[in-house]
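To keep things clear, I will list the structure first and then write my remarks on it.
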Amino acid sequence: MRLARWRVASSFPKVRKNTAGYALDAYLASGDLLDLIVGSEGTLALITEVTWRLEPIPPARAAVRAAVRDARRLSHCVPALLSLAPARLEFLDASFLRFVADEIPDLPRSEELAGQGALLLAEFEGADQAELETLVERAVGILKAESVEVVVGHGERELESLWAVRRSASSKLARLGPTRRSLQVIEDGCVGVDRLGDYLAAVRRSAERLGLEVVLFGHAGDANVHANVLADVSRPDLESALTELYDEVSRLLIGQGGTPAGEHGDGRLRAPLLERVYGWEMTQLFQQLKRTFDPTGVLNPGVKLTERTGSPIYSLKVGPDALPIPADIEAGLRWIEQQRGYAAGRLALADDPSSWSARELD
């Protein structure tokens with residue numbers, strides 16, 4: 001058992017958040033089977049019941065929003081802010097500003113950040129208002145020299161105003177027009193907190209070299225980066241460009257000791273990366289674990305563990321090489337994407353696509 005613990009500990013990425021593979025590290029630490037099932041994406045078991053424990057909201061809350069001049073400095077700012085134990089710590093790349101500027105006019109202009117900056121949002125909670133004010137003052141002190149502006153908010157209304165930018169951008173990215181889509185091909189990388197800024201800069205460089213536009217945002221406190229590729233789906237070499245970006249960013253992540261799956265799991269897209277992250281021996285252990293729980297292989301086959309070789313972008317649903325689908329179903333799916341109507345059932349869409357495709361799109 002001691003040898004097993006050492007092998008697992010030495011194989012797992014040293015990051016704050018990781019959902020690649022099976023959580024053997026958490027299971028060995030706790031001995032609780034639940035830690036192994038959580039994050040297994042339905043490949044080991046079916047969960048039939050969940051019990052939640054709710055925590056009270058602390059009475060004192062405050063937030064700080066900083067327009068950091070250079071996103072590479074997040075590698076310095078974020079570890080310092082983490083020492084203050086923020087309740088939330090998020091970032092938005094400067095490229096987001098042009099999507100939300102018309103809705104949130106008090107944001108700094110994108111040119112002020114020269115395309116290389118980022119918005120950093122931190123929220124603090126506590127039972128004591130005086131102690132909370134001390135934390136906010138220290139946070140402002142950390143951020144002031146690095147930022148174009150620092151804004152502090154107190155109370156529910158001011159906090160909602162500061163966080164509005166985080167919620168506004170996603171809906172805009174779903175409405176890019178008929179030939180552009182926001183694609184989540186490299187959208188869940190996680191690195192060490194002290195490498196966050198360098199990782200963001202490297203992703204930008206890779207995308208620029210391939211002629212692809214990316215928007216970066218995510219959970220700064222975990223250095224978990226969500227990268228949306230704003231792709232022209234009429235581009236003839238779209239699949240090859242996305243595959244090259246996927247390969248390049250994956251090499252970068254793994255080379256930095258990071259993970260390609262911070263919180264969203266492997267699915268089928270990242271399953272081929274598992275051996276590169278953990279090595280052959282640990283991947284074989286994952287395979288054995290899967291066979292033990294699911295000897296007939298009926299639970300979500302191809303997810304997390306795959307035998308498939310070749311391009312991981314094989315099932316891209318847009319672009320010149322995508323498989324054609326009926327126009328009414330395509331319009332219905334587009335409505336769901338743009339209106340974020342994800343509660344719509346697939347069978348309902350297939351049975352009566354006209355009821356969805358006829359809906360007005362913004």
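No donor-acceptor distance shorter than 3.5 angstrom exists from the side chain of S206 to the backbone of V203, with no hydrogens or angles considered. S182 contributes no side-chain N or O that, together with a main-chain N or O of N228, makes up a donor-acceptor pair within less than 3.5 Å. Proximity of a side-chain donor or acceptor of R195 to a complementary backbone N or O of Q256 within less than 3.5 Å is detected. The backbone N or O of R157 lies less than 3.5 Å from no partner atom in the side chain of S161, so there is not a single donor-acceptor pair. S10 contributes a side-chain N or O that, together with a main-chain N or O of R7, makes up a donor-acceptor pair within less than 3.5 Å.
With hydrogens and angles left out, the side-chain atoms of E263 and H219 include a donor and acceptor closer than 3.5 Å. Using modelled atom types and a 3.5 Å distance limit, the side chains of E133 and Q129 yield a donor-acceptor pair.
In this structure, T283 OG1 and Q288 CD are separated by 13.0 Å, a value rounded to the nearest 0.5 Å. Going from atom CG of L82 over to atom SG of C77 covers 11.0 Å, rounded to the nearest 0.5 Å. Here F124 contributes atom CZ and T134 contributes atom OG1; the two are 11.5 Å apart, rounded to the nearest 0.5 Å. Between atom SG of residue C190 and atom CG of residue D222 there is a gap of 6.0 Å, rounded to the nearest 0.5 Å. For the atom pair CG of D93 and CG of L200, the computed distance is 7.0 Å after rounding to the nearest 0.5 Å. Atom OG1 of T259 and atom CG of N224 lie 9.0 Å apart (nearest 0.5 Å).
Looking only at side-chain heavy atoms (C-beta outward), L24 and L285 come within less than 4.5 Å of each other. Taking 4.5 Å as the limit, every side-chain heavy atom of R88 sits out of range of all side-chain heavy atoms of E125. Residues L238 and D232 form no side-chain contact, since every pair of their non-hydrogen atoms from C-beta on lies 4.5 Å or further apart. Counting heavy atoms from C-beta outward, L89 and L120 have side chains that approach closer than 4.5 Å. The side-chain heavy atoms of D294 and V298, taken from C-beta on, include a pair separated by under 4.5 Å. You'll find the side chain of L159 stays beyond 4.5 Å of the side chain of L162, heavy atoms only. Contact check for T43 versus F286: no side-chain heavy atoms found under the 4.5 Å cut-off. Residues D266 and V303 fail the side-chain proximity criterion, which asks for heavy atoms closer than 4.5 Å.
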Exercise for the section: Kindly indicate, with the supporting measurements, whether the criterion side-chain contact (heavy atoms from CB on, under 4.5 Å) is fulfilled by K290 and L299. Expected result: CA-CA 9 Å; K290 166 70 171 174; L299 296 178; 3.9 Å; yes

side-chain contact (heavy atoms from CB on, under 4.5 Å) between L242 and L212, worked out = CA-CA 8 Å; L242 291 174; L212 295 167; 4.2 Å; yes

*asked:* What verdict does the side-chain contact (heavy atoms from CB on, under 4.5 Å) test give for L36 and L289, after you've listed the backbone C-alpha separation in whole Å, the side-chain angles of each residue and the deciding distance to 0.1 Å?
replied: CA-CA 10 Å; L36 195 58; L289 182 67; 3.9 Å; yes

request  = List the steps, then state whether side-chain contact (heavy atoms from CB on, under 4.5 Å) holds for L84 with I142.
outcome  = CA-CA 11 Å; L84 305 180; I142 291 168; 4.1 Å; yes

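Considering all non-hydrogen atoms of both residues, Y246 and L269 come closest at OH-O, 2.7 Å. Taking both residues in full, the closest heavy atoms of N300 and E41 are given as ND2-O, 2.7 Å, listed atom of the first, atom of the second, then distance. Of all the heavy atoms in S75 and G197, the pair that sits closest is OG-N, 2.8 Å. Closest non-hydrogen pair, R235 versus A241, comes out as NH2-CB, 3.6 Å. Pairing each heavy atom of R204 with each of A71, the nearest pair is NH2-CB, 3.9 Å. Contact between D188 and G265 at its shortest, heavy atoms only, is OD2-N, 4.0 Å.
Under a hydrophobic clustering in which Ile, Leu, Val, Met, Phe, Trp and Tyr are joined whenever their side-chain heavy atoms come within less than 4.5 Å, directly or via other members, L81 and V151 fall into different clusters. V140 and V78 fall within the same hydrophobic cluster, defined by Ile, Leu, Val, Met, Phe, Trp and Tyr side-chain heavy atoms under 4.5 Å apart, directly or through other members. If you chain together hydrophobic residues whose side chains sit under 4.5 Å apart, F293 and I47 fall into the same group. There is no path of hydrophobic side-chain contacts, each under 4.5 Å, that joins V15 to V8. V249 and L210 fall within a single hydrophobic cluster, where Ile, Leu, Val, Met, Phe, Trp and Tyr are joined by side-chain heavy atoms under 4.5 Å apart, directly or via other members.
Close placement of the F12 and Y278 rings is indicated, their centers lying within 6.0 Å of each other.
Classification of E248 and R205 as a salt-bridged pair fails, no side-chain N sitting under 4.0 Å from a carboxylate O. Checked for salt-bridge contact, E187 and R270 meet the test: a charged N lies under 4.0 Å from a carboxylate O. Ion pairing between a basic and an acidic side chain is recognised when a charged N comes within 4.0 Å of a carboxylate O; R61 and E156 show such pairing.
The 12-atom threshold is not exceeded at NZ of K144, counting heavy atoms of other residues, nucleotides or ligands nearer than 6.0 Å.
No option in L44, D32, L46 other than L44 meets the side chain to side chain contact (heavy atoms under 4.5 Å, CB included) test with I37.
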